[in-house]
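For reference, the structure discussed in these notes is given below.
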Protein chains: 2
Amino acid sequence: MAPTHNPNQCPMESILGQIMGPWTPYILWLLSNEESLRFGQLSALIPDISAKVLTDRLRKLEASGLVHRDYQPTVPPTVYYSLTERGAELHDVLQGLNKVALRWDAEDREKQGKSDSEVIAAE
Amino acid sequence: MAPTHNPNQCPMESILGQIMGPWTPYILWLLSNEESLRFGQLSALIPDISAKVLTDRLRKLEASGLVHRDYQPTVPPTVYYSLTERGAELHDVLQGLNKVALRWDAEDREKQGKSDSEVIAAE
DNA sequence: CTCAATACTTACCAAAAGGTAACTACTTGC
DNA sequence: GCAAGTAGTTACCTTTTGGTAAGTATTGAG
């Protein structure tokens with residue numbers, strides 16, 4: 001009892017705890033660009049994530065009230081994931097981050113000079 | 001050789017790899033609100049982080065070119081951390097995220113009703 | 001009677017991350 | 001010559017996380 005400081009002191013820490021971590025913001029960003037995505041579609045869009053981890057991230061986002069899970073008991077079953085109203089409030093932040101990402105990416109390619117032709121040649 | 005797909009396909013993944021992870025965005029946000037912060041100040045602002053992890057995060061941010069490390073060989077030595085120009089480009093995104101965090105925090109407190117008085121009483 | 005398809009869950013093991021305590025450097029003050 | 005103070009580093013150990021493979025449910029197709 002009587003902790004030395006209030007853990008909820010800072011709302012920033014709280015929101016970061018909900019959306020940070022490997023893959024989580026990337027999942028939110030993918031969902032913010034589509035009406036909804038099925039589990040298999042998300043899995044295909046993020047080739048390096050395993051089903052176990054993807055499930056875990058989605059469950060946590062669901063528990064935070066940022067993602068909605070729509071289970072359709074068809075055969076075989078299909079599950080649609082989409083952002084809740086609250087989750088959609090992250091759209092602008094994620095778009096802003098993507099803009100910065102695109103800018104940095106362009107700057108880095110320019111400075112290195114190479115990349116484009118080499119990458120295509122390697123395929 | 002010849003991987004099936006280019007890992008740098010998506011700039012979003014790249015930026016997330018640089019700024020995501022436990023404490024990292026929080027450190028950036030703290031630095032974006034001050035000219036600079038010393039190691040000990042950061043440590044005090046984030047009570048639950050250990051020196052080892054804080055050092056690790058700062059070194060990685062430095063390697064990414066987002067944070068500048070200014071070592072002053074005084075006795076005892078002092079080290080000032082600040083955002084680089086590139087790091088400062090995250091300011092708007094972080095402020096946007098903080099706005100959302102504050103809004104959610106206010107909404108959650110309202111719905112729960114309690115919190116404020118109880119929290120203060122517990123101190 | 002078995003396979004395929006979707007969206008998982010579970011068990012088990014390996015790898016990564018993090019905590020803690022001790023140690024470093026250097027000079028001033030006692 | 002010992003402690004204090006800043007900003008670490010290092011070694012060691014524990015905890016957490018993640019990968020992989022197998023199993024679950026249901027039903028239509030072959």
Side-chain angles (χ1 to χ4, degrees), chain A residues 3-5 7 13 16-28 30-31 34-64 66-84, chain B residues 3-5 7 13 16-28 30-31 34-64 66-84:
Chain A
T4 48
H5 80 285
E13 283 195 45
L16 288 174
Q18 289 176 24
I19 70 171
M20 287 300 110
W23 306 119
T24 305
Y26 193 59
I27 292 168
L28 289 169
L30 290 173
L31 288 174
E34 307 286 336
E35 271 290 303
S36 70
L37 286 171
R38 300 223 322 265
F39 182 88
Q41 293 179 304
L42 280 168
S43 198
L45 288 167
I46 319 172
D48 291 343
I49 201 173
S50 67
K52 179 185 174 184
V53 172
L54 180 54
T55 304
D56 178 76
R57 298 299 183 273
L58 289 168
R59 290 284 176 284
K60 279 174 180 161
L61 288 172
E62 204 190 342
S64 301
L66 301 179
V67 161
H68 174 70
R69 182 171 184 270
D70 178 22
Y71 177 85
Q72 296 292 334
T74 54
V75 172
T78 49
V79 181
Y80 293 92
Y81 291 96
S82 56
L83 294 186
T84 60
Chain B
T4 47
H5 80 284
E13 281 194 46
L16 289 174
Q18 290 177 23
I19 71 172
M20 287 301 109
W23 305 122
T24 305
Y26 194 58
I27 292 168
L28 290 170
L30 291 173
L31 288 175
E34 308 285 338
E35 271 290 302
S36 69
L37 286 170
R38 301 222 321 267
F39 183 88
Q41 294 179 304
L42 279 169
S43 198
L45 288 167
I46 319 174
D48 291 343
I49 202 172
S50 67
K52 177 187 174 184
V53 171
L54 180 54
T55 303
D56 178 75
R57 297 300 182 273
L58 289 169
R59 291 284 176 284
K60 280 176 181 161
L61 288 171
E62 205 190 340
S64 301
L66 302 179
V67 162
H68 174 70
R69 182 171 184 270
D70 178 22
Y71 178 84
Q72 295 292 333
T74 54
V75 172
T78 48
V79 181
Y80 294 91
Y81 290 97
S82 57
L83 293 186
T84 60

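Worth saying up front: this structure is predicted, and the values here are computed from it rather than measured. Here is the naming used below: chain letters follow the sequence lines, and residue numbers restart at 1 for every chain.
- Counting to the nearest Å, the C1' atom of dA7(C) and the CD1 atom of Ile46(A) are 15 Å from each other.
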Using a cut-off of under 3.5 Å, enumerate the N/O to N/O pairs linking the protein to nucleotides 13-18 of chain C.
{"residue": "dG18(C)", "atom": "OP1", "partner": "Arg57(B)", "partner atom": "NH2", "Å": "2.8"}
{"residue": "dG18(C)", "atom": "OP2", "partner": "Arg57(B)", "partner atom": "NH2", "Å": "2.9"}
{"residue": "dG18(C)", "atom": "N7", "partner": "Lys52(B)", "partner atom": "NZ", "Å": "3.2"}

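- Atom CD of Gln72(A) has more than 12 heavy atoms from other residues, nucleotides or ligands within 6.0 Å.
- Taking 4.5 Å as the limit, every side-chain heavy atom of Arg38(B) sits out of range of all side-chain heavy atoms of Tyr81(B).
- Salt bridge status for Asp56(A) with Lys60(A): present, with a side-chain N to carboxylate O gap under 4.0 Å.
- Nucleic acid contact for Tyr81(A): sugar-phosphate only, since backbone atoms but no base atoms lie under 4.0 Å from a heavy atom of the residue.
- Taking atom CD of Gln72(B) as the reference point, atom P of dA7(D) lies 11 Å away to the nearest angstrom.
- The nearest heavy atom of DNA chain C to Pro77(A) and to Thr55(A) marks one nucleotide each, and the one closer to the 5' end goes with Pro77(A).
- Taken from OG1 in Thr24(A) to CE in Met20(B), the straight-line distance is 9.5 Å, to the nearest 0.5 Å.
- Here the CD1-CD1 distance, from Ile19(A) to Ile27(A), works out to 12.0 Å after rounding to the nearest 0.5 Å.
- Atoms CG (Leu54(A)) and P (dG18(D)) sit 12 Å apart, rounded to a whole Å.
- The nucleotide whose nearest atom lies closest to any side-chain atom of Val75(B) is, among dA7(C), dC26(C), dA5(C), dC26(C).
- As a whole-Å value, the separation of Leu42(B) CG from dT6(D) P is 14 Å.
- With distances taken from any side-chain atom of Phe39(B) to the nucleotides dT27(D), dG8(D), dA7(C), the minimum falls on dG8(D).
- Look at CD on Gln41(B): it is 17 Å from P on dG5(D), rounded to the nearest Å.
- If you take OH of Tyr80(A) and C1' of dC8(C), they are 16 Å apart, rounded to a whole angstrom.
- Between atom CG of residue Leu54(A) and atom CZ of residue Phe39(A) there is a gap of 4.5 Å, rounded to the nearest 0.5 Å.
- At whole-Å resolution of the value, CZ in Arg59(A) and P in dT9(C) are 5 Å apart.
- Between Ala51(A) and Pro76(A), the one whose closest nucleotide on DNA chain D sits nearer the 5' end is Ala51(A).
- Side-chain N/O atoms of Arg69(B) include none lying less than 4.0 angstrom from OP1 or OP2 on dA7(D).
- When every heavy atom of Arg57(A) is checked against every heavy atom of Pro22(A), the shortest pair comes out as NE-O, 2.9 Å.
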